[in-house]
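Remember, it's a predicted structure, so these values are computed and weren't measured experimentally.
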Amino acid sequence: MEIIADLHIHSRYSMATSKLGTPEYLDLWARKKGISLVGTGDFTHPAWREELKEKLVPAESGLYRLRDEYVLEEAKMLPGGAPRFVITGEISSIYKKNGKCRKVHNVLLLSGLEEADKIAGRLEKIGNIHSDGRPILGLDCHDLLEILLENCADGMLVPAHIWTPHFGLFGAASGFDTMEECFEDLTSYVHAVETGLSSDPPMNWRLSALDGLQLISNSDAHSPSKLGREANLLDIELSYQGLYGAVQYGKGFLGTLEFFPEEGKYHYDGHRKCHICLSPEEAEKYHGICPICGKKLTMGVNHRIMDLADRENGFVRKNARPFESIVPLPEVISACVGKAVTTKIVTGEYEKMLQKLGNEFDILREIPIADIEKESSHMIASGIRKLRNREVICKPGFDGEYGKICLF
């Protein structure tokens, strides 16, 4: 049975997040999307951890579900079972190594709340874990991994959005050129990396250094409605042990659901202030300098991968997992009706489609186009057909500015 898992998210305790980032609304939106397994995010934050203890109840080994008394009435009306939660959190490490300031985000996955208490206790001695659900610590990534292994033997560390210029392991601005430089003697304990919204699997296949790693995808959602922007397809026993086997060793790891990488905020080089967006080839003509103001361009993911790659574009990794490129259903509806995503017309149509047809991922991926046209409209059905056939026009994102995917 296919399980959709989104393992990297944030609660309302992280900076720049929605106030609806509560267990109740994460449960609701996971049901709307069709997500069976969702990360809690932000386990290091004491108040969030206490809320999780209050509102979650143990389910399968190492997993949790929302207590019945907290399930929203709207959620009870949706088909499908209760989504499961796995304890997760993101750490922002900012430190100096080999003469350079490093800024790297890592996601930790744990087998329970007791382990979360232990690791949070260790991290609290290093820095402030109270002010932000994604704490900023002067902690070497190697030492963070060491703390994880000492306090949760079956814990997992996954470098987050590895290509993001400012906070990715391979980020052009403050990252590393190799995994070994970052994790040193503990590199063999890292078995997966998160590719991020601005890259997709084929881009990552160009690096032979990633061949032994699982390429996973998650939403990094800052509000419940953004769950599943990217996600993982798994065929596992629903338990932490099943998840561990998939993330660490690829057992039951079927593939990923992906953004079109052009839609990500850092796909191309650019300078947002001057509205300059350049391909790697164009940026090199300007020697990485903004042609308008003369300041340094932010190197995009596409360019950074091109610099580190040891394979040609188009290379297919042996035993590569399949992937599907998706656009969130509200964005599809918005493009089809010509109204903003937040308008009542779009949100009303979205809710109607969920009631008539099922969860969002089933609508985007599985339900026959004829059935969608019958319950919605010819235009929306046509938009979903175009999406499934990858008949889209991509306008790349750059320097923190999201790209655009056009269906018509």
Exercise. What residue pairs, at least two apart or across chains, pass salt bridge (Lys or Arg N to Asp or Glu O under 4.0 Å) with a residue in residues 123-136?
Worked result: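 Qualifying pairs: E90-R134.
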For this session: Provide the full list of salt bridge (Lys or Arg N to Asp or Glu O under 4.0 Å) pairs with a residue in residues 55-72, sequence neighbours left out, each pair given once.
Result: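 As it turns out, the salt bridge (Lys or Arg N to Asp or Glu O under 4.0 Å) pairs with a partner in residues 55-72, which skip direct neighbours, are E24-K55, E51-K55, E60-R84, R65-D68.
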Are side-chain N/O atoms of [X] and [Y] paired as donor and acceptor at under 3.5 Å?
| X | Y | result |
| --- | --- | --- |
| E194 | N218 | yes |
| E230 | T256 | no |
| Y266 | E401 | no |
| S217 | E258 | yes |

Exercise. Are the side chain of T88 and the backbone of T40 linked by a donor-acceptor contact shorter than 3.5 Å?
Worked result: yes
Exercise. For S208, what residues pass the side-chain hydrogen bond (donor to acceptor under 3.5 Å, both in side chains) criterion, not counting sequence neighbours?
Worked result: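 Counting only residues at least two positions away or on another chain, S208 forms a side-chain hydrogen bond (donor to acceptor under 3.5 Å, both in side chains) with D310.
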Exercise. Got a sec, which residues hit side-chain hydrogen bond (donor to acceptor under 3.5 Å, both in side chains) with D399, two or more places apart in sequence or on another chain?
Worked result: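 D399 satisfies side-chain hydrogen bond (donor to acceptor under 3.5 Å, both in side chains) with T298 only.
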Is [Y] paired with [X] through a side-chain N to carboxylate O contact shorter than 4.0 Å?
| X | Y | answer |
| --- | --- | --- |
| E391 | R385 | yes |
| R122 | E150 | yes |
| K118 | E115 | no |
| E282 | K285 | no |

Exercise. Would the number of heavy atoms belonging to other residues, nucleotides or ligands and lying under 6.0 Å from CD of E184 be above 12?
Worked result: yes
Exercise. Looking at the rings of W163 and F170, which for Trp means the six-membered one, are their centres under 6.0 Å apart?
Worked result: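 Aromatic pair counts; centres sit under 6.0 Å.
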Problem set entry | Qualifying residues under ring-ring contact (aromatic ring centres under 6.0 Å, His included), relative to H105, sequence neighbours excluded |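 ring-ring contact (aromatic ring centres under 6.0 Å, His included) check on H105 returns H161, F167.
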Exercise. Mind checking what makes ring-ring contact (aromatic ring centres under 6.0 Å, His included) contact with H222, not counting sequence neighbours?
Worked result: H10
